[in-house]
J.: 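Sharing a structure below in structure tokens format, with a few things to ask.
A, B, ... follow the sequence lines: proteins, then strands. Residue 1 opens every chain.
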Amino acid sequence: MQKKYDHASIEKKWQKKWDDAGLYVADIEKAESPFYNLWMFPYPSAEGLHAGHAFASTGSDIYGRYMRMTGRDVFQPIGYDSFGIHSENYAIKINENPQSVVKRTTKHYEEQMRSLGHGYDWTRTVTTSDPDYYRWTQWLFVKMFEAGLAYKKKATVNFCPSCKTVLADEQVIDGKCERCGTIVEKKDLDQWFFKITDYADRLLTGLGKIDWSQRVISAQRNWIGKSEGRTIEFQVEGTGRKIKVFTTRPETLNSATFLAVASSEGKDVKEKWGKFTGKYAINPINGDKLPIWETNYVDSSYGTGAIMGVPAYDERDREFAGKYYIDIVEKPFTKEILGEKTIHYHLRDWLVSRQRYWGAPIPMIDCPKDGWVTVPEKDLPILLPTISDYKPEGAGRGPLANHKDFFEVKCPKCGCMAKRETDVMDTFVDSSWYFLAYPNVGTKEWKSVPSAGSGQAFFDEKIMKAWLPVNLYFGGAEHSVLHLMYSRFVTMVLHDLKYLDFDEPFPKFFAHGLMIKDGAKMSKSRGNVVNPDEYVEKFGADALRIYLAFMGPMDSSPDFRDSGMEGASRFLGKVWRLFNEEPEHPTSPRLRGVGNTAVSSKLHQTIKKVTKDIEGYKFNTAISSLMELVNVMNEYKVSSTKYLETLALLLAPFAPHLSEEVWVEILGRPFSIHKANWPKYDDSLIRSDTVEIVVQVNGKMRGTLSLESGIGNRESEVTQLAKDDEKVAKWLEGKKIIKIIFVPGKIINFVIS
RNA sequence: GCCGAGGUGGCGAAAUGGUAUACGCAAGGGCCUUAAGAGCCCUCGAGUGCAUAACUCAUGCGGGUCCGAGUCCCGCCCUCGGCACCA
């Protein structure tokens, strides 16, 4: 008799039991062996979770479940990055207030994530658009300002004409808005910045002590863009003026033949363009007269906005000199290095103002007497008012600027009439600290209102010590220079302000790949977005999880295919039958403790392999070895209770529902498998009684010997047996053996002339 | 141009310097079934070959080290990601 696995009812049943039992609720206060397992929280889009989310979150969940079974107290929280342009644009499109849209979309996300069977602690979630949350986002801004790390300044900034707001440098990709792809414009506007450049060097050196992939490290390093050199001064002939240039090659100063300064003219010219100013500068090392040119290939915002032209050693200078018939002189490097040591960075300060509605209001007040004054901490949060005219206007100010009742306030210092800032914060400020919030949600510190100058924050000190920094951060590499850099910066600042005793938030970050469909990135406009719901419904969450994890390594970009999905479902069907089939022979009954050395050896090999693979995030090979084990168990038609228990345990992180079902209902073990101990392997059982020795002649395989493992380790016996082997003898006949290479238990190689 | 990651069957992919192509998908053939579904069994890198015999050739290209190279070294080509008239 064989009942079919009814994934729908079984999965629902266990999800409810897990929830009722609070299986995944971490004991934040008393945990002895905390493991903070974090997946980047999603922004709740209207379309809901797509297969890419399912892929990434499943990877994170597999690891968390494994850690829980090794005895760690796993805290695996989830939340919503619900403030920001993404959510707001959709609300505008359907003409509904963002508040109510977010309520709906977050609910939908929760349902979807629950249906995937992830082990989240639903008692500690955060939603960045909740006043309880953004009070502390505003508190962070206040701390930044107090520390001199937030300032307002008129600057030439990137402006997206479609989103009608300014953007940070990091949010402009190839000259386009990171959000909507519109080409950004340059505008001179008065904006709030965070002084991330003060931390450029620490952001760079910190990369040395964290365990991240090269790809992400190198992206951050490139973005920070440290460049060391000298600033050299040139006298302008006949005037008292000087021109400073920045160079990384001060030893080539001898060969400089011109000076080039940035010019706003020629900006639209694609090739190198220049105009002689009629003036000359004096080379400080040899007194040469150098013509000063205005050019379009020098960037006014980098270095000093001027360079020395050394066409002999610099390709760009050579191209320019060639075009305008400037001398090209090659002299030996000078040993006399002039100028002051200087370091320049590509990194710019983080522009955090947004001329939008759906964000945390910036807690600053502009007083005619006192200048910019912070909102007192006790007055936080500054609530975002519910308004109907929330569409962005694009005149360099946000919708809140139309609401007198919002911005007309008294100065907290002197009491005179003042004006509140009407821009809101970049959504990346919200997400720059959310991982600090989770474990503190619900504590009295989290809910409290800090009093002025108390130095109080939302953290419970003991909790922070126990749970942070994050043990494992799972997320997409697309955030390499956005969220990950901002979070590191904010953590460093809070560390320096003595709020945190660590300065790297994510010592271990695993960057998963981007899931694609039909060879292309999933996107609504392409119409190739895969919704996991239909697969959960048709095959079950376990099958979907197995498929997602089996497609390829977690850091590759797998292509979603339905046929692979069916393979995963087939595998689980096989597992299910293994636990349910009636014995084929009375002498080898299932569930009755009959063992077999071949199966036993395979079982222990599999424990070893799956353990190692999970720890290395190689879920695809972990699953393939489980498939092999199941095939072997099927082949030998023996599977004792002990074997089946171990199989269920090994499968638990990947297929949590099915393994719970067989664990409790068939094997009769106590609820829950997810709190059971991860199996241990025995090396002595892995070794089998026989070994296969490969026989090579001049490195080419000519035969194999199946030997008792004892014999397979002894060179003289193996040599004799190999020579006696008919197939091998044929190759050795009449040849002189020069050398024999023997690897015990593995290989013997005859080197012949 | 600089930095990083890669290139293996029809496809996703696997291989501590030691039997390349595990595991899975697709495909073909068979069994079971009234039928469908689900299952089960067999074949499946290319070539010569009656062959489940044997051999040759295959891990982007060209060299090298080694008894032995997908793996290590040198030189190229290509793909992907990051930075970029950054001085």
J.: Between A:Y302 and A:H344, what is the ring plane arrangement, given parallel below 30°, perpendicular above 60°, and tilted in between?
T.: tilted
J.: Provide the Watson-Crick or G-U wobble partner of B:rA27, both distances under 3.5 Å; none if there is no partner.
T.: B:rU43
J.: So what does A:D314 hit on the nucleic acid, given a heavy-atom distance under 4.0 Å: a base, only sugar-phosphate, or nothing?
T.: nothing
J.: Checking all strands, does A:K272 fall into the base, sugar-phosphate, or nothing category for heavy-atom contacts under 4.0 angstrom?
T.: base
J.: Can you tell which of A:W212, A:Y473, A:F474 makes a ring-ring contact (aromatic ring centres under 6.0 Å, His included) with A:F510?
T.: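 When ring-ring contact (aromatic ring centres under 6.0 Å, His included) is applied between A:F510 and each of A:W212, A:Y473, A:F474, only A:F474 qualifies.
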J.: Could you state the atom-to-atom distance from CD of A:Q220 to P of B:rG82 in whole Å?
T.: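 Roughly 14 Å, once rounded to whole Å.
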J.: Rounded to whole angstrom, note down the C1' distance from B:rG75 over to B:rA46.
T.: 29 Å
J.: For a quick check of understanding: with a heavy-atom distance under 4.0 Å over all strands, which category does A:E228 fall into, base, sugar-phosphate or nothing?
T.: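 It contacts nothing in the nucleic acid.
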J.: Given the P atoms of B:rG60 and B:rU71, what is the spacing between them in whole Å?
T.: 8 Å
J.: Assign A:R318 to base, sugar-phosphate, or nothing according to its heavy-atom contacts below 4.0 angstrom with the strands shown.
T.: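 Since no nucleic acid heavy atom lies under 4.0 Å of A:R318, the category is nothing.
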J.: Measure the distance from CZ on A:R221 to P on B:rA5 and round it to the nearest whole Å.
T.: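 Going from CZ in A:R221 over to P in B:rA5 covers 11 Å.
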J.: Looking for any heavy atom pair under 4.0 Å, which part of the strands does A:G567 touch: base, sugar-phosphate only, or nothing?
T.: sugar-phosphate
J.: Within the structure shown, what part of the strands sits under 4.0 Å from A:E692 by heavy-atom distance: base, sugar-phosphate, or nothing?
T.: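 Answer is base: heavy atoms of A:E692 come under 4.0 Å of a base.
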J.: Base, sugar-phosphate, or nothing for A:V298, non-hydrogen atoms under 4.0 angstrom?
T.: base
J.: Checking only heavy atoms, does the side chain of A:K739 share a donor-acceptor pair with the base of B:rC67 at less than 3.5 Å?
T.: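 Looking at the base of B:rC67, it does not pair with any donor or acceptor on the side chain of A:K739 (distance under 3.5 Å).
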J.: What about A:N749: does its side chain form a donor-acceptor pair under 3.5 Å with the base of B:rC67?
T.: yes
J.: Base, sugar-phosphate or nothing for A:K618? Non-hydrogen atoms, less than 4.0 Å.
T.: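 Since only primed, P, OP1 and OP2 atoms lie under 4.0 Å of A:K618, the category is sugar-phosphate.
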J.: Less than 4.0 angstrom from a charged side-chain N to a carboxylate O is my criterion; do A:R249 and A:D317 meet it?
T.: no
J.: Decide if atom NZ of A:K735 counts as having more than 12 heavy atoms of other residues, nucleotides or ligands within a radius under 6.0 Å.
T.: no
J.: Judged by modelled atom types alone, do A:T621 and A:D613 share a side-chain donor-acceptor pair under 3.5 Å?
T.: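 Side chains of A:T621 and A:D613: pair found under 3.5 Å.
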J.: Taking the six-membered ring of A:Y297, is the NZ or CZ of A:K272 close enough (under 6.0 Å from the centre) and on axis enough (within 45°)?
T.: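 Satisfied, under 6.0 Å and within 45°.
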J.: Could you run through nucleotides 26-33 of chain B and give me one letter per nucleotide, 5' to 3': B if any protein heavy atom sits under 4.0 Å from the base, S if only the sugar-phosphate is that close, - if neither?
T.: S-------
J.: Which value, in whole Å, describes the distance between the C1' atoms of nucleotides B:rG81 and B:rG28?
T.: 40 Å
J.: Roughly, in whole Å, what's the span from CG in A:L629 to P in B:rG24?
T.: 12 Å
J.: Using atom P in both nucleotides, what's the gap between B:rC73 and B:rA5 to the nearest angstrom?
T.: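 12 Å, rounded to whole Å.
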J.: Does either side chain, that of A:K574 or that of A:N631, offer a donor lying less than 3.5 Å from an acceptor on the other one?
T.: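 Side-chain D/A pair, A:K574 to A:N631: present.
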J.: If you look at every strand shown and take non-hydrogen atoms under 4.0 Å, does A:W273 touch a base, only sugar-phosphate, or nothing?
T.: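 Nothing, no nucleic acid heavy atom in range.
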J.: Considering every strand and a 4.0 Å limit on heavy-atom distances, what is the contact class for A:Q214: base, sugar-phosphate, or nothing?
T.: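 Sugar-phosphate contact only - A:Q214 comes under 4.0 Å of backbone atoms but never of a base.
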J.: Taking the P atom in each of B:rG62 and B:rG9, what is the distance between them to the nearest angstrom?
T.: 15 Å
J.: Could you tell me the separation between the NZ atom of A:K700 and the P atom of B:rU56, rounded to a whole number of Å?
T.: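 Going from NZ in A:K700 over to P in B:rU56 covers 6 Å.
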J.: Assign A:D555 to base, sugar-phosphate, or nothing according to its heavy-atom contacts below 4.0 angstrom with the strands shown.
T.: nothing
J.: Would A:F654 and A:F571 count as a close aromatic pair, with their ring centres under 6.0 Å?
T.: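 Between A:F571 and A:F654, which both carry aromatic rings, the centre distance is not below 6.0 Å.
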J.: So what does A:P558 touch, heavy atoms closer than 4.0 Å: a base, only the sugar-phosphate, or nothing?
T.: nothing
J.: Can you tell me how far P in B:rG68 sits from the matching atom in B:rC77, rounded to whole Å?
T.: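 It comes out at 29 Å once rounded to the nearest Å.
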J.: Students often get this wrong, so: under 4.0 angstrom with heavy atoms, is A:D559 touching a base, only sugar-phosphate, or nothing?
T.: nothing
J.: Calculate the interatomic distance between A:E478 atom CD and B:rC80 atom C1'; express it in whole Å.
T.: 15 Å
J.: How long is the line joining CD of A:E726 and P of B:rA53, in whole Å?
T.: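 Rounded to the whole Å, the gap is 15 Å.
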J.: Is B:rG9 syn or is it anti, if syn means the base angle is within 90 degrees of 0?
T.: syn
